[in-house]
Student: 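Could you have a look at this structure, given as structure tokens, before my questions?
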Amino acid sequence: MKKLDVKTIALNAVIAAVYAALTIGLAPISYGQVQMRISEVMIFLAFYNKKYIPGLVLGCFIANVPSSLGAYDMVFGTFATLLAVVAMNKVSNRYLGGILGGLINGIIVGIELTLAFHTPFLLNAVYVFVGEVVVLEIGAFLFGLLEKNEPVLKIIKA
């Protein structure tokens, strides 16, 4: 097992803080039945290196603490992000990773919203899926641009 170093722990703390700050700062579009979490673009970090997964999951958990859905969001939303970042790390195509992230979040957060609001699962799942896929496909494109910058790519993959 690889030993965790201070740099990796600090980097994950920064990732968690940025994810949470973006989500909370953009709260009107980050929570609810129709949502577009801009912070979700960050899950592409897991596409390049699995060492970013703890920071992304922790950031999601922290971001879900002030959610109006409280414990529902802390459990379901964080679990969805965990599955999405693990899936993102396992695929070889960013755009496919975006679709998978959308599906995972659509299903899991769709279930959460159905339990919380007693609204139709399919409607909830589709709303979340569409919002997530829009954000993630834009993120896939942006990370594709970042890949063309060798110094940036080296930092991301480090």
Side-chain angles (χ1 to χ4, degrees), residues 8-89 91 94-147 152 155-156:
T8 301
I9 293 169
L11 188 55
N12 274 283
V14 169
I15 288 168
V18 171
Y19 183 102
L22 278 172
T23 304
I24 295 166
L26 298 170
I29 63 171
S30 297
Y31 303 101
Q33 288 174 287
V34 179
Q35 56 182 261
M36 291 185 73
R37 281 195 180 186
I38 304 304
S39 54
E40 283 291 290
V41 169
M42 294 179 66
I43 73 170
F44 283 100
L45 291 171
F47 178 79
Y48 297 95
N49 197 322
K50 66 181 177 184
K51 76 178 182 182
Y52 301 126
I53 291 174
L56 294 164
V57 174
L58 178 61
C60 179
F61 178 80
I62 293 167
N64 287 336
V65 169
S67 166
S68 62
L69 294 179
Y72 274 125
D73 241 356
M74 288 184 274
V75 173
F76 285 91
T78 304
F79 182 63
T81 294
L82 173 63
L83 293 180
V85 294
V86 168
M88 187 71 69
N89 183 256
V91 298
R94 286 184 315 280
Y95 294 98
L96 175 60
I99 299 291
L100 285 174
L103 282 171
I104 291 166
N105 276 278
I107 292 167
I108 294 174
V109 177
I111 292 168
E112 169 193 357
L113 294 171
T114 297
L115 293 172
F117 296 122
H118 307 288
T119 50
F121 166 74
L122 190 58
L123 185 65
N124 292 327
V126 168
Y127 280 154
V128 173
F129 171 77
V130 169
E132 187 79 5
V133 166
V134 167
V135 169
L136 291 179
E137 293 306 312
I138 291 169
F141 174 77
L142 293 174
F143 270 89
L145 294 176
L146 288 175
E147 269 188 13
V152 171
I155 291 168
I156 293 171

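Heads up: numbering here begins at 1 and tracks the sequence. For the numbers below, each heavy atom of this structure counts, side chains included, while hydrogens, waters and symmetry mates do not.
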Student: Starting at CG of Leu146, measure out to CD1 of Ile156 and round the result to the nearest 0.5 Å.
Tutor: 5.0 Å
Student: Any pair with a residue in residues 121-147 that passes salt bridge (charged side-chain N to carboxylate O under 4.0 Å, His left out), sequence neighbours left out, goes on the list, sorted by first then second residue, please.
Tutor: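 Output for this query lists Arg94-Glu147.
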Student: For the pair Phe129 and Leu103, evaluate side chain to side chain contact (heavy atoms under 4.5 Å, CB included) and give the outcome as yes or no after the intermediate values.
Tutor: CA-CA 6 Å; Phe129 171 77; Leu103 282 171; 3.9 Å; yes
Student: Considering all heavy atoms of both residues, which atom of Ala20 and which atom of Ala63 are nearest to each other, and what is their separation?
Tutor: CA-CB, 3.9 Å
Student: Can you tell me how far CG of Leu26 sits from CD of Gln35, rounded to the nearest 0.5 angstrom?
Tutor: 12.5 Å
Student: Report the distance from atom CG of Leu56 to atom CD1 of Ile15, rounding to the nearest 0.5 Å.
Tutor: 5.5 Å
Student: Applying side-chain hydrogen bond (donor to acceptor under 3.5 Å, both in side chains), can you list everything that pairs with Thr114, at least two apart in sequence or on another chain?
Tutor: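 In terms of side-chain hydrogen bond (donor to acceptor under 3.5 Å, both in side chains), with neighbours along the sequence ignored, Thr114 is linked to Asn124.
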Student: Just to verify, what does Ala16 make a side-chain contact (heavy atoms from CB on, under 4.5 Å) with, not counting sequence neighbours?
Tutor: Leu58
Student: Mind checking what makes side-chain hydrogen bond (donor to acceptor under 3.5 Å, both in side chains) contact with Ser39, not counting sequence neighbours?
Tutor: Thr23
Student: Once rounded to the nearest 0.5 Å, what's the spacing between atom CG of Leu136 and atom CE of Met36?
Tutor: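 So the gap between those two atoms works out to 9.5 Å.
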Student: Sequence neighbours left out, what pairs pass side chain to side chain donor-acceptor pair (under 3.5 Å) with at least one residue falling in residues 74-87?
Tutor: none
Student: Restricting to side-chain contact (heavy atoms from CB on, under 4.5 Å), what partner residues turn up for Ile155, sequence neighbours left out?
Tutor: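 Checked Ile155 against side-chain contact (heavy atoms from CB on, under 4.5 Å); zero matches.
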Student: Is the number of heavy atoms from other residues, nucleotides or ligands within 6.0 Å of CZ (Phe121) greater than 12?
Tutor: yes
Student: Measure the spacing between CG of Leu100 and CG of Asn105 and express it to the nearest 0.5 Å.
Tutor: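 Reported value, rounded in 0.5 Å steps: 11.0 Å.
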Student: Enumerate the residue pairs fulfilling ring-ring contact (aromatic ring centres under 6.0 Å, His included) with a member in residues 32-69, sequence neighbours excluded, ordered by first and then second residue.
Tutor: Phe44-Phe143, Tyr48-Phe143
Student: For Leu122, which residues count as a side-chain contact (heavy atoms from CB on, under 4.5 Å) partner, sequence neighbours excluded?
Tutor: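 By the side-chain contact (heavy atoms from CB on, under 4.5 Å) rule, Leu122 matches Val126.
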Student: Within a 6.0 Å radius of atom OH on Tyr95, are there more than 12 heavy atoms belonging to other residues, nucleotides or ligands?
Tutor: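 Yes, the 6.0 Å shell around OH holds more than 12 heavy atoms from other groups.
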Student: Run the side-chain contact (heavy atoms from CB on, under 4.5 Å) test against Leu69 and tell me which residues pass, sequence neighbours left out.
Tutor: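 side-chain contact (heavy atoms from CB on, under 4.5 Å) list for Leu69, sorted by chain: Ser67, Tyr72, Asp73, Glu112, Leu113, Ala116, Phe117.
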Student: Output yes when a side-chain donor or acceptor of Asn89 lies under 3.5 Å from a complementary backbone atom of Val85, and no otherwise.
Tutor: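 No, Asn89 side chain to Val85 backbone: no donor-acceptor pair under 3.5 Å.
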Student: Locate the shortest heavy-atom distance separating Val41 from Gly139; write the atom from each residue and the value.
Tutor: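 Closest pair (atom of Val41, atom of Gly139, distance): CG1-CA, 3.8 Å.
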Student: To the nearest 0.5 Å, how far apart are CG in Leu123 and OH in Tyr127?
Tutor: 4.5 Å
Student: Indicate the atoms forming the closest heavy-atom contact of Ile43 with Ala84, along with that distance.
Tutor: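 In terms of heavy atoms, the two residues are closest at CD1-CB, 4.2 Å.
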Student: Check Lys51 against Asn12 and note the closest heavy-atom contact, atom names and distance.
Tutor: O-ND2, 2.9 Å
